[in-house]
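One-based numbering, in listed order, for ligands and for the atoms of each. Predicted model only: the values in this text are computed from it and were never measured.
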Amino acid sequence: MIADKMKPMMENSSVIRAMFEEGMKMAAVYGKENVYDFSLGNPNVPAPDCVKEAVLEVLEKEESTFVHGYMPNAGYEDVRAAVADSLNRRFGMDYGPENIIMTVGAASGLNDILKTILNPGEEVITFAPFFVEYASYVKNYDGELVVVPPDTDSFQPDLEAFEERIGNKTRAVIVNNPNNPTGVVYSEETIRRMGEILERKSREIGHPIVLISDEPYRELVYDGAEAPHIPKYYKDTAVVYSYSKSLSLPGERIGYLAIPKSMTDWEQVTAAATIAHRILGSVNAPSLMQRVILRCVDATSDLSVYERNRNLLYGSLKEYGFQCVKPEGAFYLFVKSPVEDEGEFCQVCKKHHILVVPGTSFCCPGYVRISYCVSHEQIERSLPAFRAVAEEYHLL
Ligand code: PLP
């Protein structure tokens, strides 16, 4: 009954989800406060007040047939204009509403742009470790994901290895900055050099390579770090954004795809991406949430909570002897497993009621991901358990 193409996807289906379910079972046995679930990237900071106020205002003041009705597939014109203006103010760009397609979160924006540009057999390059769904999204359009191995000293992209992997079949590159699962922020210099490589290689192979910048964590940066706006450094860049993390709205499924005027054939690309959005079944992004974004376009949740969590968890894990690059963004720590098989390390953590995700899920064995988008109290309560794991491995 199941299509051949679905079978491998079912086999590989999310380890992260399985961990989450495991966490719920453990919570039922040991009590919720005694299980330290760091597996999911589900923000625990509430959405800002302006979201609730906007929902109420929309429902009270805007006409019901308008708010709940069909609309252009790219989304409401005034919402797209507000997003474009916000990007222009922040990054000195020249977006108009015609450059923005409202999407069903970042997942939908990624699928829209991949469906728009990818022919069967063409290659999409990404950097390990990466958000595991990229592999499925590329497969959706019969593309091939080509993975650049990680530089585990810094987790910055290895640009030499990247350049070596670009060939005639390369159609696109996906970068995710700030990064899930490492929390690393790629610097302006890295992005500039990546842009130069892509310009040179696009000329060499005779077609433009599209850089897809997946940025759901753009606002989650610490210590003065900033995620560069990549279209300023490479003209054929499509930006995929989501409000899931910055406004703590993952279940509401709202984001956008921005295609700048610098992109080759941008009008055609935008028209095709709008059709892709429709025929993939999304039709249009959730209407009520679009009306909310119009009112909250520059707002964020209280993101300082994540910085506080990072400081406590990173500082403590280093003190206990674990190895980890200090993250400057997102809400993840990517910690080196004290033993080669990080699956075994995950089991030891589990014995101490700590749930973390193996790096194999991100194409980077030997590491585990810890999501610190949890309550500060959970981190405080979990520290003796982390210390006990460190003692078991004689790290202390
Ligand atoms: N890209 C990355 C790197 C992510 O971490 C996530 C979600 O965690 C997504 C895309 C999907 O985001 P959304 O839930 O907005 O579709």
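Applying the ring-ring contact (aromatic ring centres under 6.0 Å, His included) criterion to Tyr76, with sequence neighbours excluded, gives Phe66. Considering only residues two or more places apart in sequence or on other chains, Tyr137 meets the ring-ring contact (aromatic ring centres under 6.0 Å, His included) condition with none of them. With sequence neighbours left out, the ring-ring contact (aromatic ring centres under 6.0 Å, His included) criterion links Tyr320 to no other residue.
Enumerated by chain and number, the residues approaching ligand 1 to less than 4.0 Å through a heavy atom are Gly105, Ala106, Ala107, Phe131, Tyr134, Asn176, Asn180, Asp214, Pro216, Tyr217, Ser242, Ser244, Lys245, Arg253.
Between Tyr332 and Tyr217, the angle of the ring planes goes over 60°, which puts this pair in the perpendicular group of the 30/60° scheme.
One finds no salt bridge joining Asp112 and Arg278 here, because no Lys/Arg side-chain nitrogen approaches an Asp/Glu carboxylate oxygen to under 4.0 Å.
Among Lys139, Arg171, Lys169, the one residue that satisfies the salt bridge (Lys or Arg N to Asp or Glu O under 4.0 Å) test with Glu144 is Lys139.
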